[in-house]
Colleague: 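One structure, as structure tokens, below. Some questions next.
The model shown is predicted, which means the values in this text are computed figures rather than measured ones. Throughout, protein chains are lettered first and strands after them, A, B, ... in sequence-line order, and every chain is numbered starting at 1.
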Amino acid sequence: MNDSIREVLQGIASDGSAPSDDLAAGAYKRARRIGRQRMAVVAGLAVVAVAAVSVGGVALAGMNDTTEPPPAINPTTEAPTEPEETFQEDEDPDEGQGGEIDCERPASDWSGWGDSDSMRPLTELPEELYVLLGSNEMPLMQVHRYDGAGNEYVIEGETYRPRIAPDGNRYVTAMDCSGGINLLDDAAEGLASIGIDSMYCTPSWSPDSNFVTITTPSPDFDDRYLLNLETGEQTELPEEVSCSPVWSGDGQYLVDFNVAMRPDGSDRVDFPAAATWSTDSELPGLSGVSADLGRACLQMYDAEYGASGHISPWRCDKYVDTATGEELELPVATEGDVHVVFLVDGAMIVGDQVGDRLDVTLVSASGSVLDERVLDVGTWTTAQIEGYYTG
Amino acid sequence: MSGPTAPSGAPPTRQTEFEDFVRARSGALCAAAYLLTGDRGLAEDLVQDALARTWRSWKRLHRTANAEAYTRRTMYHLHVSRWRRRKVAEITSEELPERADESGDESETALRVAVHAALLSLPANQRAAIVLRYFEDHTEASAAAILDCPVTTLRSRVQRGLRRLRRSFPDLVLGFAEAPTAAWEREFEHARGESNE
């Protein structure tokens with residue numbers, strides 16, 4: 001027998017390649033079920049939260065001798081670590097994980113890290129910039145810190161999918177049930193073993209670095225919430241803006257494609273130009289929105305991007321007026337892959353990657369260039385400016 | 001019998017696009033799902049669950065090529081997640097069907113059944129890695145991207161899975177010529193080397 005495994009697998013698969021059912025109908029039904037389950041979870045958590053407040057009040061009014069269960073906090077952030085690759089013969093690190101495994105949220109009694117106190121108008125580029133560097137060839141990512149002395153990587157990616165906050169200190173690593181939220185400066189303990197989805201809805205940091213949207217991975221339902229890093233509070237997100245939303249430049253609104261609203265669902269704003277966007281067959285999504293919600297960046301489809309199956313836009317291929325859909329000119333000339341960060345005061349940081357060079361420009365709200373810098377990004381194919389309210 | 005019913009409020013064009021996509025790609029998705037699950041019903045369940053996610057994200061996906069990649073990634077992730085959540089009754093290697101001595105079609109069928117049983121005896125992540133590499137013909141980098149794991153982990157899963165298959169089927173032609181090191185790998189190793197200095 002000299003059959004190749006490819007031929008044998010193709011032979012086996014041919015027995016299962018003809019679906020007996022209308023799979024689209026089943027998919028719609030299951031999609032509705034996912035939505036209902038999410039709503040049930042949200043309602044259940046609200047009841048639990050009310051009960052917890054009541055119980056907490058009773059406990060406080062009574063005794064101080066109760067020992068609270070420790071929050072899900074472990075010391076972290078010694079140095080960038082590599083994924084362990086110490087496999088033994090016939091020992092799979094992923095094996096032995098049978099039985100029920102439910103990804104966790106942070107403990108409800110975690111009291112947060114306090115105010116990041118980092119968001120402010122910029123008159124010049126900060127000395128330290130944090131850039132998420134990636135490759136189109138695979139999901140490898142690293143966060144690099146650039147300063148006057150050059151650059152060094154501070155968080156390594158691959159399965160960890162790091163997202164650093166605008167303050168250049170708080171960061172998320174998404175790895176199913178082993179995600180973490182930590183501080184680069186190690187000034188406080190991090191949150192470990194948190195369920196953080198890296199696939200469907202990746203975390204989104206607010207511009208003030210005090211909030212991050214999290215989706216807990218689960219095959220059965222979408223458990224999405226907003227974590228307040230200042231106080232530790234967890235609140236449910238409105239369905240329409242719960243999956244990797246874009247934050248407006250001032251952090252007041254969450255935006256998903258064609259609708260904006262505050263994190264509590266109030267002050268809903270529908271973009272009048274959404275009809276134009278949604279009929280554009282080249283459009284995968286929105287990558288940024290200005291503080292006044294008047295201007296937005298759109299990333300257009302490309303084959304490399306699409307083939308990865310990842311759907312979190314970051315480039316600014318089209319800069320548009322959200323009221324009219326009209327394409328606007330960026331205030332600086334660009335020639336490569338453009339990334340725009342909308343700032344709190346209407347200013348913007350424009351990153352323009354051309355080969356191994358990332359040209360970074362700070363532009364005021366009135367359109368004048370305030371500062372410029374060139375960063376060396378080597379052979380990395382994508383560069384996103386993530387930490388800019390630093391120092 | 002009534003046709004598929006989209007969630008209320010869905011634009012008809014989007015629904016039509018999605019249904020066209022499902023019709024065009026469900027055969028290929030079900031084939032891979034059948035290899036992963038070993039059962040046609042479970043395979044369709046898996047594909048439908050992945051398609052449900054795709055439908056919920058359709059507004060963002062918008063393009064069929066993107067949607068297929070997303071659905072495939074979702075399917076493999078759901079498969080591995082389910083295995084982790086519920087210890088599925090795996091077929092152990094001791095329960096593999098007898099190797100057949102027949103010739104011709106019967107022998108071919110017996111071989112398929114035996115190889116599929118052996119494949120199903122592997123942990124879900126090894127099975128997924130082998131299906132991606134040997135059935136779907138993805139490169140190591142591409143398979144690692146779908147499973148959201150480092151290439152080194154993907155390689156390790158494939159090797160361990162093949163080692164177990166080889167014990168039962170020593171004559172099966174296994175293995176690939178290794179791909180040359182990609183630019184990102186050189187950059188990664190370079191950065192790692194600097195950090196370790």
Colleague: With a 3.5 Å cut-off and no angle check, do the side chains of E7(A) and Y134(B) form a donor-acceptor pair?
Modeller: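 The criterion, which ignores hydrogens and geometry beyond distance, is not satisfied for Y134(B) and E7(A).
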Colleague: Tell me, out of L35(B), L51(B), V22(B), T37(B), who's got the most heavy-atom pairs with chain A below 4.5 Å.
Modeller: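 Highest number of heavy-atom pairs under 4.5 Å: L35(B).
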Colleague: Counting only heavy atoms closer than 4.5 Å, note whether F18(B) contacts chain A via side chain, backbone, both or neither.
Modeller: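 For F18(B), side-chain heavy atoms alone lie under 4.5 Å from chain A.
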Colleague: Can a donor-acceptor pair be found between the side chains of R157(B) and T153(B) at a distance below 3.5 Å?
Modeller: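 Looking only at side-chain atoms, T153(B) and R157(B) do not form any donor-acceptor pair under 3.5 Å.
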Colleague: Is it true that E44(B) and Q48(B) share a donor-acceptor pair across their side chains at a distance under 3.5 Å?
Modeller: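 There is no such pair (donor and acceptor under 3.5 Å, judged by atom type) between the side chains of Q48(B) and E44(B).
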Colleague: Heavy-atom distances under 4.5 Å only: say whether T54(B) touches chain A with side chain, backbone, both or neither.
Modeller: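 No part of T54(B) comes within 4.5 Å of chain A.
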Colleague: Please determine whether side chain to side chain contact (heavy atoms under 4.5 Å, CB included) holds for the pair R163(A) and L132(A), giving the CA-CA distance in whole Å, both sets of side-chain angles, and the decisive distance to 0.1 Å.
Modeller: CA-CA 8 Å; R163(A) 297 302 304 266; L132(A) 179 65; 4.2 Å; yes
